[in-house]
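Worksheet for the structure shown next.
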Protein chains: 2
Amino acid sequence: MSINPNMAEVASLLSEASRATILASLMDGRFHTASELAFMAAIKPQTASFHLAKLVEGNLVKVEKQGRHRYFQLANVEIAQFLEAFLTISPPPEVRSLKQSSQIKLLQDARTCYDHLAGKLGVQLTESMVSSGYLKKEEQQYTITPTGQLFFTEFGIDLTALTRKRRSFSHACLDWSERRHHLAGALGQGLLTRFFDLAWITRVPSIRAIKVTEKGRQGFKQIFHIDV
Amino acid sequence: MSINPNMAEVASLLSEASRATILASLMDGRFHTASELAFMAAIKPQTASFHLAKLVEGNLVKVEKQGRHRYFQLANVEIAQFLEAFLTISPPPEVRSLKQSSQIKLLQDARTCYDHLAGKLGVQLTESMVSSGYLKKEEQQYTITPTGQLFFTEFGIDLTALTRKRRSFSHACLDWSERRHHLAGALGQGLLTRFFDLAWITRVPSIRAIKVTEKGRQGFKQIFHIDV
DNA sequence: TACATACTTTCACTATAATCGAAATATGGA
DNA sequence: TCCATATTTCGATTATAGTGAAAGTATGTA
């Protein structure tokens, strides 16, 4: 009937609470098994399997088979970015329990957005790098200043290697919880990896939240002037 | 249940073919009455009214009452941008009739994307302005060169007035039909308005396609070196 | 006042889709 | 070969949501 792309088809994949939860869980950028995702969405494995098949068929999710496990992941970075954009225009989560509200707080404090940092920490970090003169904010992206080049190299990030990657280098990603931009792209990914390597941050199990270690607390304070 | 924003709620608004058609129809950025939208989505007025009420309640659409008419419009520019992004990751429309395929062609040739030009014409125009040295493409946006400043002013566009508007000035919008970027933001809107003022383009009734007039054909050729 | 138009609300019908139990399949290890 | 684990397929149940007829409301016109 319509002369426009079949938006409804994709939307119907996202319109179901269980599937939306599965997708949100996959937004940490990692692989998850069907059983894991079933647990996170609080549904039986066979139901999750049913939903995952739909998501794979709709090209939102891809699957890799390894033995009797099947590992699911978001199909590509674009899907992750699209979902993050979707979260920003969606109404905030309803709080129904204490556990839930503390989990929401963890997510809002610091989380991964596919392959880079988001939440309060992600935004603060980005703004700190801007005010320190390492990054310059353009309309929808960040550019590295000469000072920044020195800084990132000294911090242990191989900028030339990142530039070689066939993807956006340093675009601005709108944070759904903070409603402000944070750094994404290859540079954002490089920083996240470095923070893990330095053991400044660790993952919180089952949700895509991030916890700052004591070492990280000191590091973020000293180098980025952020109180975590 | 979920600790993420209620994405499913918004998605369910888009997941229904009639509503998706209504939203796509509203993407021309203009106001439409309930009856018009009912006709475009090929449903009865009472059904359209039912859907429109949902869209308004979900903050995707706003309504203005004037006498016995109720005029509907997308709630804001962000929604329009979000929908355009949604179209790019959605599967292409299925062709079922000759009329439909010619309408699709019209849309792909030239259309409005809320308040700026999109489709082949939009992309060609943008790329022409880049190769002429009026615009410079950054990662996710365009910047005006000094030559460009002269050009736009001479073409009858008040750049200072546009900059004063509280919105993105010249970001890149991904074209769903061309899969390439075109110019959006206040500058994109300024250009569209100017083209209408110059009578280079007119609207095609009932779909958000754009037709280039004979005068426009000459203008686009002379000033932008595009064969339409 | 009477009537037409624009639109919404109510209601009943129908179709679709999510869910889960049960059984089937596939893989790895003992 | 047998069993445990991971996942899918099938089938039945249930809930939900789109649809349009009919009636209702509001606004403008004769």
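Please read these numbers as outputs of a predicted model, since none were measured by experiment.
- You'll find the side chain of A:F152 reaches within 4.5 Å of the side chain of A:L191, heavy atoms only.
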Side-chain donor/acceptor pairs under 3.5 Å, residues 114-127 of chain B, sequence neighbours excluded:
residue: B:D115; atom: OD2; partner: B:R167; partner atom: NH1; Å: 2.7
residue: B:D115; atom: OD2; partner: B:R167; partner atom: NH2; Å: 3.2
residue: B:H116; atom: ND1; partner: B:C113; partner atom: O; Å: 3.2
residue: B:H116; atom: NE2; partner: B:H182; partner atom: NE2; Å: 3.2
residue: B:T126; atom: OG1; partner: B:G122; partner atom: O; Å: 2.7
residue: B:T126; atom: OG1; partner: B:L183; partner atom: N; Å: 3.0
residue: B:E127; atom: OE1; partner: B:R180; partner atom: NH2; Å: 2.9
residue: B:E127; atom: OE2; partner: B:R180; partner atom: NE; Å: 3.3
residue: B:E127; atom: OE2; partner: B:R180; partner atom: NH2; Å: 3.3

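- Considering only heavy atoms from C-beta on, A:I210 comes within 4.5 Å of A:R203 through its side chain.
- Applying the ring-ring contact (aromatic ring centres under 6.0 Å, His included) rule to pairs touching residues 15-42 of chain B yields nothing, sequence neighbours excluded.
- Relative to the side chain of B:I43, the nucleotides D:dG20, C:dC7, C:dC20 differ in distance, and D:dG20 lies closest.
- Between B:Y142 and B:F169, the ring center distance fails the sub-6.0 Å criterion.
- At a threshold of 4.5 Å between non-hydrogen side-chain atoms, the residues A:I201 and A:T213 do not count as touching.
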Please tabulate, one pair per line, each protein N/O and nucleotide N/O from nucleotides 11-18 of chain D that are separated by under 3.5 Å, including the distance.
residue: D:dG18; atom: OP1; partner: B:R19; partner atom: NH1; Å: 3.2
residue: D:dG18; atom: OP1; partner: B:R19; partner atom: NH2; Å: 2.6
residue: D:dG18; atom: OP2; partner: B:K54; partner atom: NZ; Å: 3.0
residue: D:dG18; atom: O3'; partner: B:E16; partner atom: OE2; Å: 3.3

Identify each donor-acceptor pair in which a side-chain atom of residues 74-87 of chain B lies under 3.5 Å from a protein atom, sequence neighbours left out, and give them as a table.
residue: B:N76; atom: OD1; partner: B:E78; partner atom: N; Å: 3.1
residue: B:N76; atom: OD1; partner: B:I79; partner atom: N; Å: 2.9
residue: B:Q81; atom: NE2; partner: B:H171; partner atom: NE2; Å: 3.3
residue: B:E84; atom: OE2; partner: B:R111; partner atom: NH2; Å: 3.3

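- Residue A:R70 places at least one side-chain N or O closer than 4.0 Å to OP1 or OP2 of D:dT8.
- At the phosphate of C:dT8, OP1 or OP2 sits under 4.0 Å from a side-chain N or O atom of B:S49.
- Among residues two or more places apart in sequence or in another chain, the salt bridge (Lys or Arg N to Asp or Glu O under 4.0 Å) test is passed with B:K165 by none.
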Please enumerate all protein N or O atoms sitting under 3.5 Å from an N or O of nucleotides 21-30 of chain D, with distances to 0.1 Å.
residue: D:dA21; atom: N7; partner: B:Q46; partner atom: NE2; Å: 2.7

